[in-house]
Amino acid sequence: MIKQFFTQPKVLSRLQEGVFGPYLPSFAACLHKEGYSRGCIRRHLRAAGHFGAWLTKHRLIVGDLSTAIVERYIEGQGRLYSACRPNGRLPHNARGLHGLVEFLSLQGVVAPTNSTLIWIVL
């Protein structure tokens, strides 16, 4: 499924070989079914790739995932500030990760989260 969103072999290889590689086709299909745009799905998949690289760097595995770990990653990314967004917004490599964790939780890959997460872009 991710081949319909990325055509460059290098990008596909990086995503497929990353820690989330086995789960990304189903995640992309779920986002598509939920009505997300092609661009938004691409951003979510890229963010998953960046997050997976961060997990590997910090010697964490998919099974270790929790909301706290996602928050730690997001905090490290910083926010992008502008006049129209005084509280800032998340950079692209941090968007949609709560949805990824929720998806993995529903698939039984990670422990269920304590709170119900809404699939929105922060």
Side-chain angles (χ1 to χ4, degrees):
M1 177 80 181
I2 64 174
K3 288 182 179 181
Q4 83 181 66
F5 299 105
F6 298 99
T7 57
Q8 294 179 323
K10 200 173 190 179
V11 174
L12 279 169
S13 176
R14 185 178 68 241
L15 290 173
Q16 292 170 332
E17 293 172 9
V19 296
F20 296 116
Y23 314 106
L24 292 182
S26 298
F27 182 55
C30 186
L31 292 171
H32 181 71
K33 182 180 172 188
E34 292 289 322
Y36 282 75
S37 70
R38 183 176 188 275
C40 188
I41 294 170
R42 286 171 51 96
R43 283 190 296 275
H44 279 58
L45 295 175
R46 280 193 186 115
H50 288 288
F51 183 45
W54 182 88
L55 288 174
T56 300
K57 180 180 174 184
H58 288 86
R59 299 174 192 238
L60 297 166
I61 60 172
V62 174
D64 295 331
L65 277 181
S66 67
T67 303
I69 289 174
V70 174
E71 288 300 323
R72 188 171 125 202
Y73 171 77
I74 289 172
E75 287 294 319
Q77 300 305 301
R79 288 193 169 267
L80 304 172
Y81 296 95
S82 67
C84 64
R85 295 237 173 145
N87 293 329
R89 67 172 175 85
L90 293 176
H92 288 298
N93 61 350
R95 293 184 184 186
L97 296 179
H98 287 294
L100 174 64
V101 174
E102 183 69 15
F103 171 79
L104 294 173
S105 174
L106 293 171
Q107 300 298 310
V109 177
V110 299
T113 58
N114 291 334
S115 61
T116 303
L117 299 173
I118 300 172
W119 286 53
I120 59 171
V121 177
L122 299 176

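A quick note: this is a predicted structure, and the numbers were derived from the prediction, not measured. Any value given below was found using the heavy atoms of this structure, including those in side chains, with hydrogens, waters and symmetry copies removed.
Looking at Ile61 and Val19, their side chains never come closer than 4.5 Å, going by heavy atoms from C-beta outward. When side chains are defined from C-beta on, Leu65 counts as touching Phe51, because their heavy atoms get closer than 4.5 Å. For the pair Leu55/Asp64, no side-chain contact is recorded, criterion being any heavy-atom separation below 4.5 Å from C-beta on.
Annotation: the span from Ser26 atom OG to Ile2 atom CD1 amounts to 10.5 Å, rounded to 0.5 Å. We find the CZ-CG distance between Arg46 and Leu24 to be 12.5 Å, quoted to the nearest 0.5 Å. Atom CZ of Phe20 is separated from atom CG of Leu100 by 5.0 Å, given to the nearest 0.5 angstrom. The NZ atom of Lys3 sits 12.5 Å away from the CG atom of Leu15 when rounded to the nearest 0.5 Å. To the nearest 0.5 Å, atoms CZ (Arg14) and CG (Leu12) are separated by 9.5 Å. Phe103 contributes atom CZ, which lies 12.5 Å from atom NE2 of His44 (distance to the nearest 0.5 angstrom).
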Next item on the list: Kindly determine whether Ile41 and Leu45 satisfy side-chain contact (heavy atoms from CB on, under 4.5 Å), including the steps that lead there.
Entry: CA-CA 6 Å; Ile41 294 170; Leu45 295 175; 4.0 Å; yes
Next item on the list: Walk me through it: do Trp54 and Arg72 pass the test side-chain contact (heavy atoms from CB on, under 4.5 Å)?
Entry: CA-CA 11 Å; Trp54 182 88; Arg72 188 171 125 202; 3.9 Å; yes
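Between Pro22 and Pro25 the shortest heavy-atom distance is O-CD, 3.9 Å. Closest approach of Arg38 to Phe5, counting heavy atoms only: NH2-O, 3.5 Å. Nearest heavy-atom pair across Gly96 and Phe27 is O-CZ, 4.3 Å.
The backbone N or O of Ala28 sits nowhere less than 3.5 Å from a side-chain atom of His32 that would complete a donor-acceptor pair.
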